[in-house]
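So that the names make sense, note that chain A is the first sequence line, chain B the second, and so on, each numbered from 1. Every heavy atom of this structure was used, including side-chain atoms; hydrogens, water molecules and symmetry mates were not.
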Amino acid sequence: MKKLINRVDDVVPESLEGVGLAHPDLVKIDLEHKVVLRVGGPRQGKVGLVSGGGSGHEPLHGGFVGLGMLDAACAGNVFTSPTPDQMEFATRAVDGGAGVLHIVKNYTGDVLNFQMAADLVNGDVEVASVVTNDDVAVQDSLYTAGRRGVGATVLVEKIAGAKAEEGATLDGVRATAEKVNANARSMGMALTSCIVPAAGTPTFQLGDDEIEIGIGIHGEPGRRREKLVPVDEIAATLVEPIVDDLALSQGDDVLAFVNSMGGTPLIELYIAFRSVASLLADRGISISRSLVGPYITSLEMAGFSVTLLRLDDELKRLWDAPVHTPALRWGA
Amino acid sequence: MKKLINRVDDVVPESLEGVGLAHPDLVKIDLEHKVVLRVGGPRQGKVGLVSGGGSGHEPLHGGFVGLGMLDAACAGNVFTSPTPDQMEFATRAVDGGAGVLHIVKNYTGDVLNFQMAADLVNGDVEVASVVTNDDVAVQDSLYTAGRRGVGATVLVEKIAGAKAEEGATLDGVRATAEKVNANARSMGMALTSCIVPAAGTPTFQLGDDEIEIGIGIHGEPGRRREKLVPVDEIAATLVEPIVDDLALSQGDDVLAFVNSMGGTPLIELYIAFRSVASLLADRGISISRSLVGPYITSLEMAGFSVTLLRLDDELKRLWDAPVHTPALRWGA
Amino acid sequence: MPALASTTVFVTEGMIEAWLRLSATRLRERSRELTELDQAIGDGDHGINVDRGFTAVAAMLDGRSADPAAPAPDVAGTLKQTAQTLIRTVGGASGPLYGTFFLKASASLAGSPQPTLGDLIAALDAGAAGVATIGGGQPGDKTMLDALTPALSAARERLTSGAVDQVLAVAADAAEAGAAATIPMQARKGRASYLGERSIGHQDPGATSSAILLRALADSFQG
Amino acid sequence: MPALASTTVFVTEGMIEAWLRLSATRLRERSRELTELDQAIGDGDHGINVDRGFTAVAAMLDGRSADPAAPAPDVAGTLKQTAQTLIRTVGGASGPLYGTFFLKASASLAGSPQPTLGDLIAALDAGAAGVATIGGGQPGDKTMLDALTPALSAARERLTSGAVDQVLAVAADAAEAGAAATIPMQARKGRASYLGERSIGHQDPGATSSAILLRALADSFQG
Ligand SMILES: Nc1ncnc2c1ncn2[C@@H]1O[C@H](COP(=O)(O)OP(=O)(O)O)[C@@H](O)[C@H]1O
Ligand SMILES: Nc1ncnc2c1ncn2[C@@H]1O[C@H](COP(=O)(O)OP(=O)(O)O)[C@@H](O)[C@H]1O
Ligand SMILES: [Mg+2]
Ligand SMILES: [Mg+2]
Ligand SMILES: [Mg+2]
Ligand SMILES: [Mg+2]
């Protein structure tokens, strides 16, 4: 395992410290609770947004703390949900009297820990939560853990963040977050595995000509293993189930988010974006907003994911609203 | 070789197309010349900024075309300087009567091709050029090709771009670009090699516990090969020669730019930033601006580089000025 | 320990501490194996998670016994502190699940200052029920319940007839058999459920760590 | 070809075309080898670069001959078009350098409608001088000049006494020896100079491609 680290146990706290040192104007770090907090909080009267999850997905979530996005992000160990006490601390810290929205990716651990945290602040802070579950690689079923939360989480954080910044109520912010999640679907693939620092070995092994289709963001195995094919074909494999599941059709307007899993460089990511754009153009679906880059990653994994969000005027306005965080910035 | 591509020969044009499709509000692509152009150009009375170089360093240079930065970027084949006709096209396309600055990284190929391009437009367009040469891993000498141009190039493009946007003359913009280059130094390292698509095999081989210190941005071998050590030690190896060469001392104020070589994820990059920040704090040097991310890369190479720029009030003002490009955006 | 009829045997706080410490040792020893199981059908952290959690439990026990002002602990109190420690340090799915397991077990013993082995088995049963409630799973879903549930029903069956070590040995045996029986199952809960049919053919990491806990229980009470 | 004293032998445009086409074939065959040399002390693209360039030169020649309206080409014109093609398609350091080489050679022949072999050698000499001027290098710097310079001086020496094939064979021999002699050198120009002492022990890719060009010259004129 070759990583730019000091000690395996220090990976998460030292990385958080780095974020704090690089962006002192935007965030402050509570190292005891491993929470990234927006400077100047809590904001009276504004709904607070708290997210969090296992580390290893940077810039998610800590890189999205700031104006127009999150108020706090809880960092777990690598690929391990943070604990209720972290979430409790974050929730209390950002409550400005208007309540707090928990943005939770749909994994058993995240859901259970956020639920425990909500129980812990019950009576003190009004908490609502939205669970993102956009990964079409996973069959949705009442009898399983359901779909995973992946790329849509970034879009929920941006758009719900803008809604909260506008002064919406907790119910209003929650409804917007749910609207984004309901209108977004994702699917990803990997060229290589990632290495959990504490494990020290790759989570899975892929042959020199193999790829994993339907990968999650933790190196968990995907739908199937395939031979490497041109990216145009890979993109079709990812885009089709998304388009089907969202029932996108001619004339629809989407935000296209092409995300690097961490180790894939921009030169390749833009080729993938081109593939996605041409598949959508073929179907008469227009891309009126786009996001290309590493925003929800799996450590050093090479690969990419595609997230499509069906847009309407409200979502466009909220997407375009100012945002100023370590990883996403415009209009401010 | 596992890459998200279609055909090796299409890597550069398809990636450029992707940039154009993702950012139609900012750039347009001339595929014939493989040039990324700022929309709405040429701008009358504004000095035009043209850069370019081999591909594989994305977002450099095409990702820096837009408000407050470049007017055009010429894309060569991977790691191969573009040709004079591309540069001639770009230079003519962006000239708004106030002349054009060529921003050239100091490599024999880039220097010679840009020189030929300048000769080709001689008499039609007033051209000045700045050659960046900030890499302290290379001994500077009159009898060699001198130091390489690396991380400072990003800073030159941003700051000279802001100067041009302010309406400065060609001489003024050139002087600012030279000031940035004179006050910036860099050094990089690699954990892994990169693979030039047309070559299909890694440019170099590193053992499972080896790193390359003083790597360039083309996978060219560095100063020496070492055993992997904690990132705090690696950072010291990179920072010390930079601090010495810039003669930075207590009370100085710098921009700290910690750059991913392409395959290194943000979680590690922020740990590296923390190391750099603590080394500078030890010396009483304060970081008043920072940039952390993949901005000048070497395909999928894992590793990082450090660039320090000594700041004064003018450089801070120009750094803070609005910029709106695919890869760098604030204030607009 | 002599082969007493187990219903009448008292469970002391020291026995619980011994169990927790032996569990911590065993989970550390087998952490890599658990992580490898989790790499196959999960995200490769289960061994790391439970090792971190039980190391913290052992540290909590050490800290407590080094503190002269700490009140004398009882079984329910130790189980509760164990739950709190796990919830605070493990994270992931197994943190709340094992946390709930110990929390519900503790609650079930709250009124028993001198619990018998029967009380302990009933308490662990309550713990397993808590896991089923918050996780929404049941035996056959390829989770820790596939080790816990058969282990506790085997123990219950043996309770009136068997000696302490027999009761806990059959529980540990059943837990190990239950963990092995997860191999052909298709996961319906937790991260492995994302795999659908590809989850078949691998042993569940959580069922395996549960079997380790039950074997440690048998071994520590016997010792 | 009979062994005429080479100074009096005329060089036809067809001979130049044959040379360029053979060069394209050889560079393609040895592209990987050149790239591997460049991986060791450069950026791993030299074989790709010269292959791309000379493939374009061959295509240029094909296009020209397929075009009935194209004027009959002469030696200087073909060398100039070669230069332009290389400058437009190669990039990197070798693009302008080989481009200059052919451009200066063409300029030197501009006044000779019927150049002799001696004129060609003098023209290539002018080309090498052009490389030295724009690149700022000299023999011993571990560059293409370490093949070109000894090759052209060996050819010059043989010119009055030797037959055509001898002149060009000694040039090719000297170019290959010159390329091999770059192995112990420390690079002072181009990308390999960044390596300092670590450039020692590797053969220069540009010197190697230059030797390939000169061997192709000898072989094509002989054939
Ligand atoms: N809903 C559930 N009910 C019971 N056990 C579960 C459930 N979900 C997951 N588990 C158990 O948790 C184990 C995984 O724990 P761990 O790897 O620590 O957490 P995570 O899946 O969050 O990485 C699984 O092997 C399974 O036994
Ligand atoms: N200043 C120079 N003078 C002469 N030849 C040079 C000079 N710089 C580089 N070269 C030649 O160019 C070769 C490298 O060409 P190539 O790999 O195509 O370009 P790049 O170095 O830009 O990748 C070197 O092996 C060397 O022979
Ligand atoms: Mg986990
Ligand atoms: Mg090159
Ligand atoms: Mg796990
Ligand atoms: Mg090269």
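Only the backbone of A/Asp208 comes within less than 4.5 Å of a heavy atom of chain B; no side-chain atom from C-beta onward does. Contacts between A/Ala277 and chain B at a heavy-atom distance below 4.5 Å involve the side chain alone, from C-beta outward. In this structure, chain A has heavy atoms under 4.5 Å from both the backbone and the side chain of B/Ile267. For A/Ile287, no part lies near chain B; criterion is any non-hydrogen pair under 4.5 Å. With a threshold of 4.5 angstrom between heavy atoms, B/Ser290 approaches chain A through side-chain atoms but not through N, CA, C or O. Only the side chain of A/Met189 comes within less than 4.5 Å of a heavy atom in chain B; its backbone stays farther off. For A/Val19, the parts lying near chain B are the backbone and the side chain together; criterion is any non-hydrogen pair under 4.5 Å. Residue B/Val258: no heavy atom, backbone or side chain, is found under 4.5 Å from chain A. The parts of A/Leu299 that come within reach of chain B are both its backbone and its side chain, each placing non-hydrogen atoms under 4.5 angstrom from that chain. Neither the backbone nor the side chain of A/Val276 has a heavy atom closer than 4.5 Å to any heavy atom of chain B.
In this structure, B/Lys158 contributes its side chain and B/Trp319 its backbone to a donor-acceptor pair below 3.5 Å. Between the side chain of A/Ser193 and the backbone N or O of A/Gln205, no donor-acceptor pair lies under 3.5 Å.
Between B/His57 and B/Phe79, the ring planes are parallel. Angles under 30° get that label, and only those over 60° would be called perpendicular.
Interface check for chain A: of the options B/Leu4, B/Leu16, B/Leu206, B/Val292, the most heavy-atom pairs under 4.5 Å are formed by B/Leu4. Across B/Met1, B/His324, B/Arg7, B/Glu210, the residue that shares the most heavy-atom pairs under 4.5 angstrom with chain A is B/Glu210.
Comment: B/Glu300 engages B/Lys3 in a salt bridge, judged by a side-chain N to carboxylate O separation of less than 4.0 angstrom.
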